[in-house]
Amino acid sequence: MSAGITEAELRELDARDPLASARSLFEVPEGMIYLDGNSLGAMPRAAPERLQALTREQWGVDLNSCWSGRGWLDLPITVGDKIARLIGAAPGEVVAGDSTSVNLFKLLCAAADLRPGRRTILTEDRNFPSDLYIAQGIERFVAGGLRVKLVPREELVGAIDDDTAVVMLTHVDFRSGYLHDMAEIGRSAAERGALVLWDLSHSAGIYPLDVNGCGVDLAVGCGYKYFNGGPGAPAYLFVARRHQDAMHQPLCGWLGHAQPFQFATEYRPAAGIVRMICGTPSVLGLATLDVGVDLLLGHDMAEMRRKSVALTGAFIGLVQQMCEGAGFELRSPADAARRGSQVSLAHPRAERLIAALAERRVIGDFRSPDILRFGFAPLYVRYLDIWDAVLTLKAAVDSA
Ligand SMILES: *Cc1c(COP(=O)(O)O)cnc(C)c1O
């Protein structure tokens with residue numbers, strides 16, 4: 001047994017942290033320990049300026065000519081190409097826009113269309129609710145008799161069969177932080193002729209993803225969590241190059257048309273990823289998303305993962321050390337290799353404890369029925385924050 005983690009040790013880790021200077025690029029309120037970046041990422045300091053410039057110098061001055069003159073219309077692709085670099089995709093494989101839920105709808109329908117004769121959307125029963133609901137909506141409304149099959153995680157790989165059109169999974173589980181083996185599931189699906197669709201909402205931006213290296217077919221992800229794109233920032237979707245020419249999606253609006261400004265009567269899909277676009281891009285949202293993505297691209301993702309593993313490991317270690325007997329149960333994988341940048345603790349008084357922490361300016365979130373969830377964004381969370389957060393947790397549980 002070691003003597004445990006000390007405050008001095010954590011100070012030392014901050015002093016040697018190659019990512020330490022990144023925190024100054026964010027607005028983190030004085031005195032707040034923000035462990036909720038997996039829900040809404042912190043604001044990059046450059047974001048308000050970008051919005052100011054876009055509104056005052058573009059919208060307010062050149063109005064409608066900005067669509068082409070200032071590249072507004074191309075933002076889904078220019079921002080998408082940057083996101084591609086964060087997830088191991090190539091240029092022309094990612095488009096930014098719409099919400100994660102809407103992009104899931106497009107891709108699930110498109111996946112089924114690519115696998116005619118197969119009728120199952122396979123997923124795990126604890127997947128993020130919106131992802132499940134979207135699949136259920138397709139089951140109800142899309143002709144052809146698609147069905148959603150929910151299985152426990154341990155049964156996933158065995159449940160892929162020759163009726164499986166697409167396996168839809170979230171890479172890092174929002175409740176527990178469990179991180180799937182993307183390559184292994186991809187191999188199992190490919191062996192049986194099924195496509196794989198990953199939701200990267202809780203892994204992109206904190207984990208060195210390699211969608212092409214893992215043979216991923218399709219993916220979606222969120223812009224306002226670890227991408228720090230701002231409240232309601234647009235999401236993104238990925239389609240591997242090899243599928244694009246044969247791919248059709250149901251929300252085929254005018255900006256996915258081969259020639260939108262010919263205003264033709266018949267839909268004809270644009271070449272490549274552009275056909276996945278529906279309508280007019282959310283320019284203000286894409287502008288702040290671009291700021292968040294640029295900020296991530298300025299830092300080494302492998303380094304971010306190293307720090308994230310160290311932060312979650314220190315948090316788990318300190319909870320064991322300081323809060324023994326206080327009734328917490330670790331609900332995240334103890335094995336760092338299977339853990340995202342999140343630690344979930346179960347406690348019978350979880351909801352009250354999260355509120356008590358917030359009063360003391362330590363922000364996590366509560367997930368029903370009994371989970372305290374803490375996210376660790378490696379660009380703005382410090383090692384010493386872990387010490388202070390667990391001390392505060394200890395004080396809260398002692399007085400609650
Ligand atoms: C955050 C999140 C979403 C969000 O979907 P919206 O359409 O942006 O509301 C979807 N799926 C997962 C797995 C998420 O974590």
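Order of appearance sets the numbers: ligands from 1, and atoms from 1 within every ligand. Only this structure's heavy atoms are used, side chains among them; waters, hydrogens and symmetry mates stay out.
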Report task. First locate atom CG of Asn127, then atom CG of Asp199, and finally report the distance between them rounded to the nearest 0.5 Å. Result -> 7.0 Å
Query raised in the report: With a 4.0 Å heavy-atom cut-off (strictly under), which part of Ser201 contacts ligand 1: side chain, backbone, both or neither?
Result: side chain
Requested in this report: Answer yes or no: is there an ion pair linking Asp335 with Arg339, defined by an N-O contact shorter than 4.0 Å?
Outcome: no
Query raised in the report: Which protein heavy atom lies closest to atom 7 (O) of ligand 1, and at what distance to 0.1 Å?
Result: Ser101 OG, 2.6 Å
Requested in this report: Go through the steps for Thr120 and Arg147 under the test side-chain hydrogen bond (donor to acceptor under 3.5 Å, both in side chains), then give the verdict.
Outcome: CA-CA 5 Å; Thr120 303; Arg147 64 184 191 116; 3.2 Å; yes
Query raised in the report: Judged by atom type as modelled, is there a donor-acceptor pair below 3.5 Å linking the side chain of Thr78 to the main-chain atoms of Asp74?
Result: yes
Query raised in the report: Can Arg11 and Glu7 be counted as an ion pair, charged N to O under 4.0 angstrom?
Result: yes
Requested in this report: Please round to the nearest 0.5 Å and tell me the distance separating atom CG of Leu200 and atom NZ of Lys225.
Outcome: 11.0 Å
Query raised in the report: Side chain, backbone, both or neither: which part of Asp199 has a heavy atom under 4.0 Å from ligand 1?
Result: side chain
Query raised in the report: Is there any N or O on Tyr224 that sits under 3.5 Å from an N or O of ligand 1?
Result: yes
Query raised in the report: Could you give the distance from CD1 (Ile371) to OG (Ser332), rounded to the nearest 0.5 Å?
Result: 8.0 Å
Query raised in the report: For Thr170 and ligand 1, does the shortest N/O to N/O distance drop below 3.5 Å?
Result: no
Query raised in the report: Going by the order shown, which atoms of ligand 1 are within less than 4.0 Å of some heavy atom of His202?
Result: 15 (O)
Requested in this report: Report the part of Phe128 in contact with ligand 1, treating N, CA, C, O as backbone and CB onward as side chain, heavy atoms under 4.0 Å; options are side chain, backbone, both, neither.
Outcome: side chain
Report summary line: Among non-hydrogen protein atoms, atom 14 (C) of ligand 1 lies closest to Lys225 NZ, 2.8 Å
**Report entry** Proximity to ligand 1 by part of Asp131, non-hydrogen separation under 4.0 Å
**Finding:** side chain
